[in-house]
Amino acid sequence: MIVTIDGPAASGKGTVAKGLALRLGFAYLDTGAMYRAVAFAVLRAGKACDDGAAIACLLPDIHIEMPPDRVLLNGDDISEAIRAPHVSQGASKVAAVAAVRAFLVPQQRRIGSGRDMVTEGRDQGTVVFPDAPVKFYVTADVRVRAERRQKELDMRGVATTLERELAELIERDRRDSERADSPLRQPSDAKVIDTSHRTVEAVLDEMEGVVRRCKTDRA
Ligand code: DC
């Protein structure tokens with residue numbers, strides 16, 4: 001059974017997706033990490049993240065593995081490096097390249113095939129797993145999201161300001177929602193969860209209830 005969680009950057013979807021998978025005993029897939037890994041490879045090769053032709057040439061040499069809590073690019077552990085702000089912006093750019101989506105989407109479907117899995121991203125309920133029996137769209141006020149991102153970077157020792165994070169999120173949201181291929185959209189059959197003023201536990205209780213009810217109905 002596939003559970004999809006889509007939503008904008010820093011909406012809290014990563015935290016709740018991981019927590020929900022743990023509560024349910026499901027596998028967890030962070031598809032944003034795959035786009036980040038591609039951006040990392042593109043930047044490492046000295047190419048621009050919006051140079052579709054150059055990126056298409058690099059793709060055959062990009063091998064991404066995702067053991068629990070880690071991301072490997074051709075065997076190198078890049079789990080921390082892909083969280084850097086310039087990789088976030090790069091990921092949002094490579095995600096608009098059709099060849100990149102055509103490269104990653106089949107891999108995501110393969111990973112989910114025949115498994116119980118919670119998968120998070122921007123297009124999981126709309127494009128990658130349109131038949132998933134449970135879909136969530138997790139969102140939060142943009143200011144709350146910027147505050148969260150600032151706190152997260154602060155904890156990792158990355159200097160930033162609230163204004164800068166706000167501007168970056170607005171820019172990334174715009175790019176993710178306006179691209180032609182698989183833009184960020186709320187699936188029409190998704191349950192919308194606004195995490196702005198709720199605790200992680202409260203959100204998880206609600207989501208777990210939805211999934212368990214669906215499992216019972218399907219049994
Ligand atoms: O969830 P994230 O912030 O780690 O995602 C990084 C970027 O990757 C995000 O700006 C948009 C893109 N992305 C996407 O286009 N489709 C997905 N399924 C996941 C992420």
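Indexing begins at 1, ligand by ligand and atom by atom, following the structure's order. Note that this is a predicted model, so its numbers are computed, not measured. Below, all heavy atoms of this structure are taken into account, side chains as well, without hydrogens, waters or symmetry copies.
Close contacts of ligand 1 with Thr31, meaning ligand atoms under 4.0 Å from a residue heavy atom, involve 17 (C), 18 (N), 19 (C). Atoms of ligand 1 lying under 4.0 Å from at least one heavy atom of Gln124, given by number and element, are 18 (N). Remark: ligand 1 atoms within the under-4.0 Å shell around heavy atoms of Gly121 are 17 (C), 18 (N), 19 (C). Close approach to Ala91 involves these atoms of ligand 1, each under 4.0 Å from a residue heavy atom: 6 (C), 7 (C).
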Only pairs under 3.5 Å count here: list side-chain donor-acceptor contacts from residues 79-87, not counting sequence neighbours, and write none if there are none.
from	atom 1	to	atom 2	distance (Å)
Ser79	OG	Arg70	NE	3.3
Ser79	OG	Arg70	NH2	3.4
Ser79	OG	Val71	N	3.0
Ser79	OG	Asp77	OD1	2.5
Arg83	NH2	Asp30	OD2	3.1

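Contact analysis leaves Gln89 out of contact with ligand 1, as no non-hydrogen atom separation drops below 4.0 angstrom.
Salt bridge Glu168/Arg172: absent, no basic N to carboxylate O contact under 4.0 Å. Asp189 has a carboxylate O that lies under 4.0 Å from a charged side-chain N of Lys135, or vice versa, which qualifies the two as a salt bridge.
Of the protein's heavy atoms, Arg172 NH1, 3.6 Å lies nearest to atom 6 (C) of ligand 1. Nearest protein heavy-atom neighbour of atom 4 (O) of ligand 1: Arg36 NE, 2.7 Å. Taking atom 8 (O) of ligand 1 as the reference point, the nearest protein heavy-atom neighbour is Tyr35 CB, 3.5 Å. Distance from atom 20 (C) of ligand 1 to its nearest protein heavy atom, with residue and atom name: Gly32 CA, 3.5 Å. The protein non-hydrogen atom at the shortest distance from atom 12 (C) of ligand 1 is Ala95 CB, 3.7 Å.
Here the options are Gln108, Arg185, Arg101, the test is side-chain hydrogen bond (donor to acceptor under 3.5 Å, both in side chains), and the partner is Asp123; only Arg101 passes.
The cluster map of Ile, Leu, Val, Met, Phe, Trp and Tyr, joined by side-chain heavy atoms under 4.5 Å apart, puts Ile78 and Leu153 in different clusters. Two different hydrophobic clusters hold Val105 and Ile5 under the rule that ILVMFWY side chains link at heavy-atom gaps under 4.5 Å.
Using a 4.5 Å heavy-atom threshold, the side chains of Asp6 and Val138 count as separate.
Of the listed residues (Glu120, Arg179, Arg122, Arg101), the one carrying the non-hydrogen atom nearest atom 1 (O) of ligand 1 is Arg122. When the heavy atoms of Ile82, Asp123, Thr4 are ranked by distance to atom 18 (N) of ligand 1, first place goes to Asp123.
Between the Arg145 side chain and the Leu169 main chain, no donor and acceptor come within less than 3.5 Å of each other. The main-chain N or O of Asp181 is found under 3.5 Å from a side-chain atom of Arg179 such that the two form a donor-acceptor pair.
Contact annotation: for Met34 versus ligand 1, there are no heavy atoms closer than 4.0 Å. Contacts between Lys13 and ligand 1 below 4.0 angstrom, taking non-hydrogen atoms only, involve the side chain exclusively.
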